[in-house]
Amino acid sequence: MVSKCISYHLHPNPSLSCVIPHNPKSTHFPIKLTANHEQSHLLSFRRYPNLTPMASTQFNPGSKFDEFEPDPTLTNDDLKPTTIHRRTFSWWEMASLWVGLVVGVPSYYLAGSLVDLGMAWWQGIATVVAANLILLLPLVLTGHPGAKYGISFPVLARSSFGIRGAHVPTLLRALVGCGWYGIETWIGGDAIFLLLPNPIKESSISRNLPWLGTSPLEFACFLVFWVVQLAIVWKGIEGIKELEKYSAPILIILTSSLLIWAYVKAGGLGHMLSLTSRLSWSEFWSLFFPSLTANISFWATLALNIPDFTRYAKSQKDQIIGQAGLPIFMGAFTFVGLAVTSSTKVIFGKLISNPIQLLGQIGGLATRILAIVGISLATITTNIAANVVAPANALVNLSPSKFTFWRGALLTALLGIAFQPWRLLKSSETFVYTWLIGYSALLGPIGGIVLADYYLVRRMNLSVKDLYSLSPSGAYYYTGGYNLAAMVALVIGIFPVIPGFLQNVGIVSSVSDAFVVIYKNAWFFSFFSAGVLYWVMSSLMGKQSKILPSDPLLPNAD
């Protein structure tokens with residue numbers, strides 16, 4: 001589910017940083033000050049109330065500007081701003097994160113789907129690269145507040161949607177994460193199904209049940225992989241972090257082996273890439289724009305909660321350079337997927353866009369074991385990192401007293417079953433036009449509103465203390481904790497996409513051509529319409545006059 005003015009603050013100033021000891025059991029942000037600087041700093045802040053320590057070039061790293069205790073219902077260890085000691089992600093770590101996310105079965109399947117829909121291999125690559133170049137801008141822009149203030153996406157959303165209203169965008173993001181969790185889990189179960197002996201796969205329990213939408217055997221494999229992932233989540237995320245760095249190289253080796261195999265079997269790249277487009281010029285353009293939207297939607301989830309990762313970046317320069325590799329990684333992996341998928345037409349006489357099905361066609365016990373190990377390892381690590389953490393944290397943010405991380409992860413897993421991922425993946429049209437484009441209508445307006453608020457309304461200045469305060473006088477309390485401008489913009493951004501979606505899923509027989517065009521460009525339409533509307537409404541309501549001085553409680557990562 002997947003990039004964004006690149007010139008902002010590339011050079012951090014270490015002299016403006018303050019070292020804050022991390023106490024995981026405390027809900028405070030303690031900053032101890034030295035006795036020889038306390039009096040002079042307090043005096044200067046009283047004389048110049050708009051001057052904050054982070055804006056002052058004379059601020060001492062050991063100084064204290066205020067003792068702050070956040071509201072306990074708005075914070076926990078995961079929601080606190082990151083300290084300087086936890087900001088360890090260099091550009092290389094950020095780039096490695098994207099490599100681990102890109103190299104996986106869904107990315108390969110998306111690439112193969114473009115060929116399956118009629119594109120030539122080079123048209124598919126151009127579509128994927130163009131989409132990720134577009135998405136790079138919102139990725140970098142949304143990552144900026146994470147690196148600057150050390151805050152996660154649920155906390156950032158409080159600025160635009162309100163202290164309580166932030167639950168709406170975070171839960172919508174969580175809902176999409178649950179769907180992706182189901183898809184990734186189904187892929188892992190498919191890998192288990194691949195390893196089963198043929199007599200079992202040809203038995204009566206492998207026949208599809210119409211009411212279920214799949215066979216009992218495939219559903220059982222799905223549940224096995226579902227349970228395995230929960231067992232790993234039960235043990236905690238720390239062990240998975242060590243596992244993740246090995247998953248991407250293993251899958252890279254696996255896909256490279258596939259490319260070599262296809263090269264040999266198809267008699268070279270000439271035959272492999274010989275398939276031309278089955279589309280006329282007008283048909284190509286009618287397919288290109290929804291495919292572009294679908295590819296943007298692929299990482300639109302991460303484009304929202306990327307602050308969850310950039311809050312650990314050493315500087316803005318590191319998060320920008322690290323993310324700049326996304327179009328390259330997606331382009332390279334798309335080439336492998338499209339080249340191998342195209343070669344299946346030469347080798348087997350038909351296109352096989354699903355790599356798991358392809359590995360099953362290749363055969364051989366050693367090949368199958370290698371396939372299930374590589375695919376399972378990459379799927380588990382990617383799925384838990386990308387599709388469990390965000391929904392679970394959204395639920396914890398919703399009610400810290402009722403939800404623990406484990407309870408949030410369990411509910412995420414249960415909702416993943418309810419999404420029936422086997423139906424979403426039953427065809428390229430369903431995967432691209434229903435799932436990817438459909439949820440982009442939810443995430444697009446959220447991204448537009450968050451960016452409009454941070455850059456156009458707040459001018460990149462946030463009051464961190466008010467982000468953790470339920471005081472009615474707080475900057476982000478708005479109306480009972482909800483920003484009505486953001487809520488109205490969100491609804492208006494989503495509403496025009498609904499008729500096209502209803503037609504796509506068969507609930508409505510026909511709608512006007514205008515609604516069809518809007519749906520095929522759902523992310524673009526909802527992103528810009530909601531963002532512009534929110535900016536206009538905020539300007540009319542005078543929120544721009546309430547620009548706050550930058551007062552991050554932690555080292556400024558500008």
Side-chain angles (χ1 to χ4, degrees), residues 2-22 24 54 61 77-78 80-104 132-133 135-153 155-156 237-252 299 301-333 378 381-382 384-386 389-390 460 552-558:
V2 326
S3 42
K4 295 160 186 230
C5 196
I6 297 193
S7 61
Y8 288 119
H9 309 293
L10 292 181
H11 304 288
N13 188 347
S15 65
L16 300 185
S17 299
C18 59
V19 179
I20 303 173
H22 175 62
M54 295 308 298
D77 290 342
D78 295 320
K80 294 177 183 177
T82 50
T83 65
I84 187 65
H85 302 293
R86 298 172 65 192
R87 298 190 179 195
T88 58
F89 276 34
S90 66
W91 68 268
W92 177 252
E93 276 82 17
M94 290 297 300
S96 298
L97 171 68
W98 277 111
V99 170
L101 290 170
V102 165
V103 179
N132 284 273
L133 283 172
L135 194 60
L136 183 61
L137 183 59
L139 264 174
V140 171
L141 292 178
T142 310
H144 185 280
K148 180 177 182 179
Y149 295 97
I151 55 177
S152 59
F153 170 64
V155 177
L156 174 63
I237 300 298
E238 290 302 319
I240 302 237
K241 290 181 179 178
E242 201 57 31
L243 190 64
E244 282 181 352
K245 65 182 180 182
Y246 298 107
S247 64
I250 289 176
L251 201 55
I252 287 175
W299 293 122
T301 52
L302 269 296
L304 277 186
N305 72 297
I306 193 64
D308 293 343
F309 300 98
T310 60
R311 63 195 295 234
Y312 298 102
K314 293 180 177 179
S315 68
Q316 294 293 350
K317 182 177 180 180
D318 286 297
Q319 75 100 353
I320 292 171
I321 295 178
Q323 296 201 81
L326 173 61
I328 300 174
F329 304 147
M330 281 297 292
F333 194 67
T381 54
T382 301
I384 292 176
V389 175
M460 299 184 292
L553 298 177
L554 297 166
N556 194 329
D558 286 347

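- Rounding to the nearest 0.5 angstrom, the gap separating the CG atom in Leu101 from the CZ atom in Phe309 is 6.5 Å.
- For the residue pair Pro327 and Leu133, the shortest heavy atom distance occurs at CG-CD2, 3.7 Å.
- In this structure, Ser152 and Asn305 have side chains that are not in contact, with every pair of non-hydrogen atoms separated by 4.5 Å or more.
- Phe329 pairs by the side chain to side chain contact (heavy atoms under 4.5 Å, CB included) definition with Ala95, Trp98, Val99, Val102, not counting sequence neighbours.
- What you find for Met330 and Asn132 is that their closest heavy atoms are CG-OD1, 3.5 Å.
- The distance from atom CH2 of Trp91 to atom OG of Ser96, rounded to the nearest 0.5 Å, is 8.5 Å.
- Annotation: the span from Ile321 atom CD1 to Ser90 atom OG amounts to 10.0 Å, rounded to 0.5 Å.
- Closest approach of Arg87 and Ala147 over heavy atoms only: NH1-O, 2.9 Å.
- Of all heavy-atom pairs between Gln323 and Val140, the closest is NE2-CA, 4.0 Å.
- For His144 against Gln316, the heavy-atom pair with the smallest separation is O-NE2, 2.8 Å.
- Counting only distance, with no hydrogens or angles, the side chain of Arg311 and the backbone of Phe153 share no donor-acceptor pair below 3.5 Å.
- Taking both residues in full, the closest heavy atoms of Thr142 and Leu304 are given as CG2-O, 3.7 Å, listed atom of the first, atom of the second, then distance.
- Thr310 has its side chain within reach of Met94: a pair of non-hydrogen atoms, C-beta onward, lies under 4.5 Å apart.
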| said: Between Tyr149 and Leu156, is the side chain to side chain contact (heavy atoms under 4.5 Å, CB included) condition met? List the steps. | reply: CA-CA 9 Å; Tyr149 295 97; Leu156 174 63; over 6 Å; no

